[in-house]
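To start, the structure under review is shown below, and the notes come after it.
Below, chains carry the letters A, B, ... as their sequence lines are ordered, and counting in each starts from 1. Keep in mind that what you see is a predicted model, and the values were worked out from it rather than measured.
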Amino acid sequence: MRVVKRFGLDNLQSGLAVAVALVIGSMAIAGSAQAQSGEAAGKEHDRLVGRGVEVFQRCSACHRIGVEAENRIGPQLNNLIGRKAGTVKGARYSPAMVRAGAEGLVWTPETIDAFVADPKGFIEGTTMGLRGVDDADDRKALIAYLASFSTGPSNIPETPVPPRAGVDAGLPTEILALKGDAEFGEYLSGECVTCHQASGEDKGIPSIVGWPPADFVIAMHGYKSKKREHPVMRMIAGRLSAEEIAALAAYFNKKGQ
Amino acid sequence: MPISRRRFMISAALSTSTLAMPSFLRAQGKPKVVVIGGGAGGGTAARYLAKDSKGEIDVTLIEPQQAFTTCFFSNLHIGGFRTFDSITHSYKTLESTHGVKVIHQMATAVDRGAKVVTLADGSKVPYDRLIVSPGISLKWESVPGYSPEAAEMMPHAWQAGPQTQLLKSKIEAMKQGGTFVMIAPPNPYRCPPGPYERISMVAHIFKQKNPTAKIIVLDPKEKFSKQALFQEGWQKHYPGMVEWIPASILGSIKSVDAKTGKIETDLDVFNADVANVIPAQAAGAIAAAAGLTNDTGFCPIVPGSMQSQVDENVYVLGDSSIAGDMPKSAFSANSQAKVCANAVRGALTGSRVFPAKFSNTCWSLIATDDGVKVGANYEPAADKITKTTGFISKTGEDSALRKATYEESLGWYAGITEDIFGA
């Protein structure tokens, strides 16, 4: 449960999907453990998937996974295993990624491992901002977690999911419709980039560059209304007006283009 | 936000002000901003002015050091969590990417009438606006017997660099079962939780290498930043190792002897095998030389812009300023610098000036994966910068949260150093 709670600190929205995934995931584990070598393998897989949830936090600013996952800055990651690179409909890709797919790159545990270990080394020209997951066990965990949405029954949305509106509930449409003043946003962003790197790199604090404005606005109002955890974000968002949040959303979206 | 009435009247009173006559200034060439001090305040101000004015402002940064070792995270170097290189930053990106002219010299004087800064080699740098961000100076006389020479034996390590390395080597070389004594500074000083994070890092080293060592903190204060969190952490991670003695028990410090390590106080005589003496502090020397300080030793500023109260062409940032409720921290200086850069750019180029927003967060490391934090928002009020809302880590938090807080601090360090020195 702690895993789910911690994930929720930073990303309640995906946390819901993850909570569901964990339940489904552990059902799948129970099945495969029997077929393999019993309890030990099951526990190890359980541990890997649990750790994978944590590692996935480094991906979650840009990628969604689980029931009703949509493309964000990066493509949604359901059914990733076996997918040809650069082929999710409606997703934005770098030319390099599309070319890699055209040349035959298919996502398998091996190719994902190589890509995640050193994204720019594996695909020169990828726009994925991840610096690389150095720890081999963390990559294994991440792949186990990703795989839990790719094979077997775990990608079948049987469990009812609370609607996405769980996070933005109560956010009036006029707030979502506010058009942000990007120049004002650039000034205000000075307060963000003390921690969130302006270059979009993530070295322990998530990237906020290039987010779809609506996601940005929903997230910030989530902190402002204290529906989302995190004391620093509650403090910073707490005093921003709806116009200021819209301005920031406009600026950071523009900066990612 | 409208320009405050006071600011407006200052502007209106200046018949030759740049606001009134930007075309005149343009005829004289690009407006010049000189920044003294390349730390969290000065580096950020120089970078934002150069970056945001897109070449409309000529920005010169005066900083004697070729590379800057950050005081923030220098305790983590002492504790073995960071290399010295990883907390040392060059000015190359500011020069190459942002076009800031960096002069590696000490500023020795400011002629505010002529608007000229004099450098150590006698050369002169003219300015239209001057930003002063020289950090702190140490009041050696605040600890009887302490001096720059004594600091070679009893390091302060409160200005990062060789002093940090000296203190670290002394801690690591201390005899088994020896005594480490810190003389903590009186308020106000740079980095309120810093002395106590340092105690934590020293204890972390001793726990591994010198488990029978003792740590004594002689404090001229009655309480300190994040006190409950630190004391809980010391009890948990380093039981029996740290003794903190507040002023009410200690009395005053009568003398220190750097050669013998003897520290005489009203309470007792302490014999230190390694002593870390952090004296009282004042604004950086150039701020006083420029006549920007008041009788507190620091510089009064206009809360909405960081403009000096004694000279409208001068701004003061960071540790040297009297920033009301804001602590003297890198985060504060960085926050103030962005407000200041926006105001200076507006004054010189007519760009939009937005309302000041200040904030601060300070992370401290108590032990491996045991991080805590404190933070607040600040707004300019009529007489000072005032705290609005804040938060602090709680005692008894679970280890996962503490680990996340520490990891967050690593992200912050990467973020703020990119914000100061460029990517």
Side-chain angles (χ1 to χ4, degrees), chain A residues 1-10 50-51 53-55 57-58 61 129 131 181-209 223-224 226 229-241 243-244 247-248 251, chain B residues 40 44 47-48 51-52 330-339 341-342 345-346 351-361 363 373-379 388-394 398-401 403-420 422-423:
Chain A
M1 277 321 288
R2 168 158 308 150
V3 166
V4 173
K5 186 173 154 243
R6 267 203 61 203
F7 191 78
L9 290 179
D10 288 318
R51 174 68 192 146
V53 173
E54 292 178 351
V55 180
Q57 289 185 56
R58 298 170 60 177
R131 190 168 39 112
D181 172 351
E183 191 185 347
F184 185 26
E186 180 170 12
Y187 166 71
L188 293 169
S189 76
E191 196 156 40
C192 312
V193 298
T194 300
C195 300
H196 300 272
Q197 288 179 263
S199 57
E201 266 199 272
D202 171 359
K203 290 186 178 171
I205 289 182
S207 168
I208 54 172
V209 175
Y223 291 117
K224 186 176 168 67
K226 303 199 189 309
E229 300 284 346
H230 204 283
V232 181
M233 287 309 304
R234 283 182 172 189
M235 176 182 91
I236 295 292
R239 71 165 165 189
L240 292 173
S241 66
E243 286 75 18
E244 288 170 334
L248 282 165
Y251 169 70
Chain B
T44 307
R47 181 166 167 268
Y48 272 72
K51 171 174 81 71
D52 294 344
F331 200 123
S332 291
N334 169 265
S335 173
Q336 293 157 9
K338 286 177 263 197
V339 169
N342 182 249
R345 189 161 65 94
S351 65
R352 288 166 75 185
V353 176
F354 298 107
K357 278 186 196 291
F358 300 106
S359 57
N360 176 66
T361 301
W363 286 264
K373 60 186 170 182
V374 60
N377 280 329
Y378 305 86
E379 306 269 351
T388 52
T389 53
F391 69 89
I392 185 166
S393 295
K394 294 178 181 60
D398 70 26
S399 56
L401 178 56
K403 183 168 190 278
T405 301
Y406 170 59
E407 285 165 358
E408 185 178 277
S409 77
L410 302 179
W412 165 76
Y413 187 88
I416 192 171
T417 51
E418 179 181 293
D419 204 34
I420 299 166

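In this structure a side-chain-to-backbone donor-acceptor pair under 3.5 Å is present from Lys338(B) to Gly190(A).
To the nearest 0.5 angstrom, Ile236(A) atom CD1 is 6.0 Å from Thr361(B) atom OG1. Atoms CG and CE, on Asn377(B) and Met235(A) in that order, are 4.5 Å from each other to the nearest 0.5 Å.
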Going through the checks in order, is the side chain to side chain contact (heavy atoms under 4.5 Å, CB included) test met by Phe391(B) and Val232(A)? CA-CA 8 Å; Phe391(B) 69 89; Val232(A) 181; 3.4 Å; yes
Determine, stepwise, if the pair Leu240(A) / Lys357(B) fulfils side chain to side chain contact (heavy atoms under 4.5 Å, CB included). CA-CA 10 Å; Leu240(A) 292 173; Lys357(B) 278 186 196 291; 3.9 Å; yes
Give the intermediate values and the outcome of side chain to side chain contact (heavy atoms under 4.5 Å, CB included) for residues Cys195(A) and Ile416(B). CA-CA 6 Å; Cys195(A) 300; Ile416(B) 192 171; over 6 Å; no
For the pair Glu408(B) and Ile205(A), evaluate side chain to side chain contact (heavy atoms under 4.5 Å, CB included) and give the outcome as yes or no after the intermediate values. CA-CA 6 Å; Glu408(B) 185 178 277; Ile205(A) 289 182; 3.9 Å; yes
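When Pro231(A), Ala198(A), Gly204(A) are compared by the number of non-hydrogen pairs under 4.5 Å with chain B, Pro231(A) comes out ahead. The candidate from His196(A), Glu201(A), Arg239(A) with the greatest count of non-hydrogen atom pairs under 4.5 Å with chain B is Arg239(A).
For the residue pair Glu418(B) and Ser199(A), a side-chain donor N or O sits within less than 3.5 Å of a side-chain acceptor on the partner.
Side-chain contact between Asp181(A) and Arg352(B) is present, with at least one heavy-atom pair separated by less than 4.5 Å. At least one side-chain heavy atom of Trp412(B) sits less than 4.5 Å from a side-chain heavy atom of Thr194(A). By the 4.5 Å heavy-atom criterion applied to side chains, Glu186(A) and Asp52(B) are counted as neighbours.
Within the 4.5 angstrom heavy-atom criterion, only side-chain atoms of Asn334(B), from C-beta onward, approach chain A. Contact annotation for Glu183(A): both backbone and side-chain heavy atoms come within less than 4.5 Å of a heavy atom of chain B. With a 4.5 Å cut-off on non-hydrogen atoms, Tyr48(B) touches chain A through its side chain but not through its backbone.
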